[in-house]
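Note sheet for the following structure.
This structure is a prediction, so every number in the text was calculated from the model and none was measured.
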Amino acid sequence: MKFKDKLKKYRIENSLSQEELANKLFISRTLISKWENGVIYPSYNNMEKLAQIMGVNIDYLLSNEEAKQITLNTNSRREGTITQKILLIVSIILLTAGITLLTTGFLFPQDLTRPSDIYNSVNTVTVICFFLKIIGALFGFIGTLLIFIDSFLYFKKV
């Protein structure tokens, strides 16, 4: 028997409404409804409280398949969270590096030519500043893009 069926059976046998059971657990009635419809499972804390109210062991509430499924879901959420944190850190580093390089590229004087040069070409500082601007803009763009991707992933989970 699945968790949702055990919960509903207990509630009906003890003549409890979803609202009354929710009040005992200090949660909303809609959460009880979601549990009974198999939409979600309770958190570990709520599972402990529910087992205590029902006078059973947590192991009784969940079948082996459900326990495995909950464990897999919890692990995948943690992995997603770690991936998102890494993505956010990398994007912030790239964005910061991009802003720093762009600022550096614009701070140095760029039209320094040496009159003694035969070809009167731009000097090394101008070329370096140009590349700093290009690399800074690229890092800034990638960093901003990664922040948008991270935000999208976060709001998709919520």
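By the 4.5 Å heavy-atom criterion applied to side chains, Thr103 and Leu132 are not counted as neighbours. With contacts defined as side-chain heavy-atom distances shorter than 4.5 Å, the pair Glu13/Lys9 qualifies. Put simply, the side chain of Thr144 does not reach to within 4.5 Å of the side chain of Phe139, judged on heavy atoms. At least one side-chain heavy atom of Asn37 sits less than 4.5 Å from a side-chain heavy atom of Ser33.
Ile40 and Leu7 end up in the same hydrophobic cluster when Ile, Leu, Val, Met, Phe, Trp and Tyr side chains are linked at under 4.5 Å. Clustering ILVMFWY residues whenever any of their side-chain heavy atoms sit less than 4.5 angstrom apart, transitively, puts Ile92 in a cluster other than the one holding Ile149.
Considering OG of Ser91 and CD1 of Ile86, their distance stands at 11.5 Å, rounded to 0.5 Å. Atom CG of Leu102 sits about 9.0 Å away from atom CD1 of Ile134, to the nearest 0.5 Å. Put simply, NZ on Lys8 and CG on Asp5 are 8.5 Å apart, with the number rounded to the nearest 0.5 Å. With values rounded to the nearest 0.5 angstrom, Arg29 atom CZ is found 12.0 Å from Leu21 atom CG. Distance check, rounded to the nearest 0.5 Å: CG of Leu31 to OG of Ser43 gives 8.0 Å. Remark: Glu20 CD to Leu25 CG distance equals 12.5 Å, nearest 0.5 Å.
When all heavy atoms of Ile53 and Tyr10 are compared, the closest pair comes out as O-OH, 3.3 Å. Nearest approach of Ile32 to Ile27, heavy atoms of both residues: CD1-CD1, 3.7 Å. The two residues Leu94 and Gly143 make their nearest non-hydrogen contact at CB-CA, 3.9 Å.
Taking Ile, Leu, Val, Met, Phe, Trp and Tyr as members and joining any whose side-chain heavy atoms lie under 4.5 Å apart, directly or through other members, the hydrophobic cluster of Ile147 also contains Leu95, Ile99. In the hydrophobic clustering, where aliphatic and aromatic side chains (Ile, Leu, Val, Met, Phe, Trp, Tyr) are joined below 4.5 Å either directly or transitively, Ile93 groups with Ile89. The hydrophobic cluster around Phe148 extends to none of the other residues, as no ILVMFWY side-chain heavy atom falls under 4.5 Å of it.
Pairs of residues two or more places apart, or lying in two chains, that qualify as salt bridge (charged side-chain N to carboxylate O under 4.0 Å, His left out) and include a residue from residues 34-45 are Arg11-Glu36. Every pair tested for salt bridge (charged side-chain N to carboxylate O under 4.0 Å, His left out) that includes a residue from residues 96-106 fails, sequence neighbours excluded, so the list is empty.
In terms of the side-chain hydrogen bond (donor to acceptor under 3.5 Å, both in side chains) criterion, Thr100 has no residue partners (sequence neighbours excluded).
Between the side chain of Lys4 and the main chain of Tyr41, no donor-acceptor pair closer than 3.5 Å is present.
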As a quick check of understanding, evaluate side chain to side chain contact (heavy atoms under 4.5 Å, CB included) for Leu50 and Phe3, giving each step before the final call. CA-CA 11 Å; Leu50 190 59; Phe3 167 75; 3.7 Å; yes
Applying side chain to side chain contact (heavy atoms under 4.5 Å, CB included) to Leu16 and Lys24, what does each step give before you reach the verdict? CA-CA 10 Å; Leu16 290 172; Lys24 286 185 176 190; 4.1 Å; yes
Between Leu101 and Phe131, is a side chain to side chain contact (heavy atoms under 4.5 Å, CB included) present by the stated rule, with each step listed? CA-CA 9 Å; Leu101 290 172; Phe131 284 115; over 6 Å; no
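The neighbour count for Gln52 CD, taken as heavy atoms of other residues, nucleotides or ligands under 6.0 Å away, does not exceed 12.
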